[in-house]
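Written out below as structure tokens is the structure these notes cover.
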Amino acid sequence: MTEQPTTEQKPRLLRRLRNEKPLGRILVVVSAALLLVVWEAWARTNSPLILPTPIAVFDRLVSYVSAGRAWPHITITVQEIVAGFALGSFMGIGLGTLAAEFNIARRVIMPYVIITQALPKFALAPILVIWFGFGTTPKIIIAALIAFFPLLENTYLGLTTTPALDLELFRALRAPRRVTLLKLRVPHAVPAVFSGLRVALLLSLVGAVVAEYVGANKGLGALIIVSQGMLDTELMFVAFVLLTLLGLTLDKLHGLSYRLVLRRLYGKTASSAGRAASRVSV
Amino acid sequence: MDSQPAGSGHIEVDRVTKTYASDAGDIQALDAIDLDIAPRELVTIVGPSGCGKSTLLRCIGGLIPPSEGRVLIDGEVVTEPDPRIGYVFQRAVLLPWRTVEKNVLLPFEIGGRPTSKDRKSVHEALEMVELSEYAKLRPAELSGGMQQRVAVARALVTEPSILLMDEPFGALDAQTRDSMNVELLRIWQEAKPTIVFVTHDIGEALFLSDRVVVMTARPGRVHEVVEVDIPRPRTFELVEGDKRFWALRHRIRAAL
Ligand SMILES: Nc1ncnc2c1ncn2[C@@H]1O[C@H](COP(=O)(O)OP(=O)(O)OP(=O)(O)O)[C@@H](O)[C@H]1O
Ligand SMILES: [Mg+2]
């Protein structure tokens with residue numbers, strides 16, 4: 001559809017001027033700059049062993065990364081996160097679907113879920129190292145165990161909160177159970193599952209890093225432990241920065257894929273559908 | 001929708017009683033309802049809120065079983081949702097991720113892979129509710145009245161011999177509701193299904209129907225069946241200018 005450009009552009013320009021987004025961005029940049037200044041000032045009055053200055057951290061980050069020393073750690077940690085996240089999500093979505101579909105499955109699964117939730121999973125890291133060694137396996141297991149729960153919970157919730165009238169419509173249309181699941185309950189559960197995926201993704205990052213503390217020779221978590229041993233606080237901050245950037249990247253990737261799925265399902269109404277959905281999902 | 005609906009659409013409600021079990025004890029919603037609705041008849045049901053109108057419609061549609069008594073459609077006892085029946089609910093109940101066209105196609109998709117003939121039926125049903133240009137849009141892009149028309153198209157697309165409508169236009173503003181009613185009569189004249197239409201608007205009931213079933217408060221019984229002898233085709237001007245309309249209106253209001 002082609003509309004007259006003049007009538008289209010005017011309101012858009014007005015909207016952009018009135019838009020609150022730039023103001024929000026400006027406030028973020030200003031407050032971040034302020035924070036850095038305060039950090040720099042504070043760090044100068046302290047020993048670099050306690051708190052390195054942001055400028056020193058930045059210089060170290062650049063030299064560390066450009067020397068190619070960051071990559072081996074990043075790739076290992078990313079591998080652990082991705083594998084743990086994939087495994088945990090797969091299990092969580094699978095068991096959540098089973099629990100939502102079959103009462104008997106729910107009654108069998110839920111007690112185990114509650115027990116695994118009560119158990120602090122990081123406490124398992126030492127035994128997993130004994131069993132599986134210093135490689136990536138224990139980290140993947142920890143990350144998967146942590147990622148698993150939000151997905152089980154959200155998948156179950158998403159699949160069991162289908163509006164009653166929608167279900168009645170499908171019953172009136174004599175839909176078989178499988179069709180009701182695929183054509184009604186699954187699409188309805190998409191926002192809830194995606195909000196579970198988001199939490200799981202960030203939790204598997206935490207899981208992988210903490211598991212690396214317990215026993216690893218590579219990975220960003222291992223780097224933190226090594227720098228602690230060498231009293232190299234600057235290097236530790238470099239690892240923090242890399243981890244933060246990694247988390248942000250993963251979250252961006254999640255947001256991007258969620259938007260793609262919403263766009264596929266809802267077409268042009270995707271943004272309003274996403275907003276409505278984010279109000280109902282956990 | 002050029003062909004006549006399959007089957008004749010004769011509904012017999014035979015001493016239907018419905019009692020719901022609830023935490024606060026049993027709730028009797030319907031008490032020995034008897035109704036005989038002729039093929040191609042347009043019957044409305046009015047009654048106070050909670051008197052069991054939706055329950056009666058669910059029993060006729062086979063969505064819930066009666067506690068006692070039975071419902072027959074074309075002489076066969078109803079035990080489950082019936083393909084000869086189309087349903088329109090109080091809300092449009094459209095799937096927001098499907099386009100208008102795909103929402104109307106849903107009844108066919110549930111039955112298997114839609115054929116090109118099914119797609120043609122979707123096209124015709126959308127034409128009937130005058131929404132052809134909106135086929136590719138999603139429900140969020142339509143007004144409430146348009147959404148309800150999509151729901152009507154979805155109910156009509158399988159050419160059911162019976163249309164059950166549970167306060168389908170209750171959530172719409174007065175003008176939109178009037179125009180929907182005019183459209184409904186036109187559709188009914190074209191496709192001629194049997195229609196059972198629940199409403200609590202007496203004016204709407206009189207405008208639409210051959211007969212108005214007036215129910216009593218819970219447990220719902222048939223208080224009175226009022227014949228509407230206002231000639232067709234009807235328009236609001238004609239109906240509201242008719243003395244019989246006001247007389248019937250008074251009579252039903254007194255009964256409620
Ligand atoms: N699933 C149910 N379980 C228990 N009680 C129910 C159930 N559905 C309806 N009822 C009760 O049965 C009675 C009739 O309900 P119904 O929905 O049929 O009324 P209605 O005439 O359609 O009312 P309204 O005009 O408000 O839509 C009500 O008192 C209601 O509380
Ligand atoms: Mg009702």
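Throughout, a chain's letter reflects where its sequence line sits, starting with A, and its residues are numbered from 1.
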- Item | Non-hydrogen atoms of Ala172(A) and Pro81(B) that approach each other most closely |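 Residues Ala172(A) and Pro81(B), closest heavy atoms: O-CB, 3.8 Å.
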
- Would you please name every residue forming a side chain to side chain contact (heavy atoms under 4.5 Å, CB included) with Ser209(B), sequence neighbours left out?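 By the side chain to side chain contact (heavy atoms under 4.5 Å, CB included) rule, Ser209(B) matches Leu42(B), Thr44(B), Val212(B), Val228(B).
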
- Message: Counting only non-hydrogen atoms closer than 4.5 Å, does Leu95(B) touch chain A with its backbone (N, CA, C, O), its side chain (CB onward), both, or neither?
- Response: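 Answer is side chain: those atoms of Leu95(B) sit under 4.5 Å from chain A.
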
- Message: With a 4.5 angstrom heavy-atom cut-off, is it the side chain or the backbone of Pro139(B) that approaches chain A, or both, or neither?
- Response: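 Contact with chain A involves no heavy atom of Pro139(B) at all.
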
Out of curiosity, [X] [atom1] to [Y] [atom2], how far, rounded to the nearest 0.5 Å?
X         : Y         : atom1 : atom2 : result
Leu173(A) : Ile85(B)  : CG    : CD1   : 12.0 Å
Leu184(A) : Trp97(B)  : CG    : CH2   : 5.5 Å
Phe89(B)  : Leu169(A) : CZ    : CG    : 5.5 Å
Lys268(A) : Thr99(B)  : NZ    : OG1   : 11.5 Å

- For chain B, which of Pro176(A), Pro163(A), Pro187(A) has the most heavy-atom pairs under 4.5 Å?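 Ranked by heavy-atom pairs under 4.5 Å with chain B, first place is Pro187(A).
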
- Derivation and outcome, salt bridge (charged side-chain N to carboxylate O under 4.0 Å, His left out), residues Glu109(B) and Lys183(A): CA-CA 10 Å; Glu109(B) 267 186 44; Lys183(A) 290 199 189 292; 3.0 Å; yes

- Message: Determine whether a donor-acceptor pair (N or O, by modelled atom type, separation under 3.5 Å) exists between the side chain of Arg138(B) and the backbone of Thr269(A).
- Response: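 Such a contact is absent between Arg138(B) side chain and Thr269(A) backbone.
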
- Task: With side chain to side chain contact (heavy atoms under 4.5 Å, CB included) as the test, would you mind laying out the steps for Asp166(A) and Arg91(B) before giving the verdict?
- Result: CA-CA 10 Å; Asp166(A) 292 31; Arg91(B) 281 202 295 106; 4.1 Å; yes

- Pairs where residues 54-68 of chain B contributes a residue and the test salt bridge (charged side-chain N to carboxylate O under 4.0 Å, His left out) is met, not counting sequence neighbours: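 Output for this query lists Glu168(A)-Arg58(B).
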
- Query: How about Arg171(A) and Leu63(B): do any of their side-chain heavy atoms sit closer than 4.5 Å?
  - Reply: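 Sidechains of Leu63(B) and Arg171(A): in contact.
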
Answer yes or no: does atom [atom1] of [X] have more than 12 heavy-atom neighbours from other residues, nucleotides or ligands under 6.0 Å?
X         : atom1 : value
His123(B) : NE2   : no
Arg198(A) : CZ    : no
His200(B) : NE2   : no
Arg70(B)  : CZ    : no
Tyr20(B)  : OH    : yes

- Do you know which of Gln90(B), Glu141(B), Glu80(B) has the most heavy-atom pairs under 4.5 Å to chain A?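 Most heavy-atom pairs under 4.5 Å with chain A: Glu141(B).
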
